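The structure displayed is predicted, hence computed values, not measured ones. Throughout, a chain's letter reflects where its sequence line sits, starting with A, and its residues are numbered from 1.
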There are 2 protein chains.
Amino acid sequence: MISKTLTAASTKPIILGILKQGSSYGYLIIKKIKELSGGKMQYSDGMLYPVLHKMEKDGWIESSWSLKNETRPRKYYEITTLGKEALHQEQSQWAQVNSVLNQIWEPKTEIQ
Amino acid sequence: MISKTLTAASTKPIILGILKQGSSYGYLIIKKIKELSGGKMQYSDGMLYPVLHKMEKDGWIESSWSLKNETRPRKYYEITTLGKEALHQEQSQWAQVNSVLNQIWEPKTEIQ
DNA sequence: TCTATATACATAGAATTACAAAGTATAACG
DNA sequence: CGTTATACTTTGTAATTCTATGTATATAGA
């Protein structure tokens, strides 16, 4: 299982990345993340939905209730222009942090 | 500047990585991180010291006041066996999260 | 000599955030 | 017709973060 802090740090970039590939809804996003991580990352609904609300409030994503003749109502989310910008920023920040970690970890002093 | 959550997620693995290369003390660790990140990551002392205390409480690191004839007292930290194990776990978790992010980000649908 | 800055560590408490738990409702399956 | 899966919401507490404040000494510069 992935640590709490690392999960927290990756939630928004993961959601943005998923939504960039096409609109989706909360329940499906949870399943998608579980699948992509091989079960290592599992969000409860109580964890994910408030994040979606926050992201919508911040203008990163937009929602609409599906009118399509689906079996049940679903709240579909789409990424906004602002959300795409946020995603780029996230990607850049992850690259920077990974660079720092690699600098420290790389001289794999695994001599022992 | 790196986001709050990403900073939080990387603090412990960075400290563990630095200490694996040799013992160090709080003030120096702060400067080291700032240097390695090109100023992108800056910890205040009030942010870092409590983390060190927590890590020591958890048995990941051990401290001792320097008796060496230094200009002023410094609390040197060393990584423990438990800390090295924690570092390995962190590295594995970062790899897993990066894998998920790459899966989502890679099909860089930058067609537009 | 005096002052400002850098070094070095510590912690209380306010502010923020996370998230488990509980709630609502319907569809599908056996 | 009961159980499980689907689908979304929110409250309140628990945990965490980090700002602000405090202590103390060394050093550089004016």
For [X], check side chain to side chain contact (heavy atoms under 4.5 Å, CB included) against everything at least two apart and list the hits.
| X | answer |
| --- | --- |
| A/Ser99 | A/Gln103 |
| A/Ser44 | A/Met47 |
| B/Glu85 | B/Thr81, B/Leu82 |

> Between which nucleotides of DNA chain C, read 5' to 3', does contact with chain A run, using atoms under 4.0 Å from its heavy atoms?
Replying inline: C/dC19 to C/dA28
Can you list everything that forms a side chain to side chain donor-acceptor pair (under 3.5 Å) with [X]? Sequence neighbours excluded, please.
| X | value |
| --- | --- |
| B/Tyr49 | none |
| A/Thr11 | A/Tyr43 |
| A/Ser66 | A/Glu70 |

>> As an exercise, state the distance from CD1 of B/Ile79 to NZ of B/Lys20, rounded to the nearest 0.5 Å.
In response: 7.0 Å
> Taking atom CD of A/Glu62 and atom CG of A/Leu19, what is their separation to the nearest 0.5 Å?
Replying inline: 11.5 Å
> Excluding sequence neighbours, so at least two apart, what forms salt bridge (charged side-chain N to carboxylate O under 4.0 Å, His left out) with B/Lys54?
Replying inline: B/Asp58
> Does anyone know the first and last nucleotide of DNA chain D in reach of chain B, 5' to 3', at under 4.0 angstrom to a heavy atom?
Replying inline: D/dC18 to D/dT27
>> Counting C-beta onward and ignoring hydrogens, is there a side-chain heavy-atom pair between A/Thr80 and A/Lys84 closer than 4.5 Å?
In response: no
> Shortest non-hydrogen contact from B/Ile29 to B/Ser24?
Replying inline: CG1-OG, 3.7 Å
> What are the two closest heavy atoms between A/Trp94 and A/Ala9, and how far apart are they?
Replying inline: CZ2-O, 3.7 Å
> salt bridge (Lys or Arg N to Asp or Glu O under 4.0 Å): which pairs involve residues 29-49 of chain B, sequence neighbours left out?
Replying inline: none
> Starting at the 5' end of DNA chain C and moving along, which residue's nearest nucleotide shows up first, A/Thr7 or A/Pro73?
Replying inline: A/Thr7
> Considering heavy-atom distances to DNA chain C, does A/Ala8 or A/Arg72 have its closest nucleotide positioned more toward the 5' end?
Replying inline: A/Ala8
> In terms of the nearest nucleotide of DNA chain D, which residue is placed more toward the 5' end: A/Leu28 or A/Lys4?
Replying inline: A/Leu28
> Looking at DNA chain C, which of residues 45-57 of chain B put a heavy atom within less than 4.0 Å of it?
Replying inline: B/Asp45, B/Gly46, B/Tyr49, B/Pro50, B/His53
> Considering the terminal five base pairs at each end of the helix from C/dT1-D/dA30 to C/dG30-D/dC1, what angle separates the two local helix axes, rounded to 10°?
Replying inline: 20°
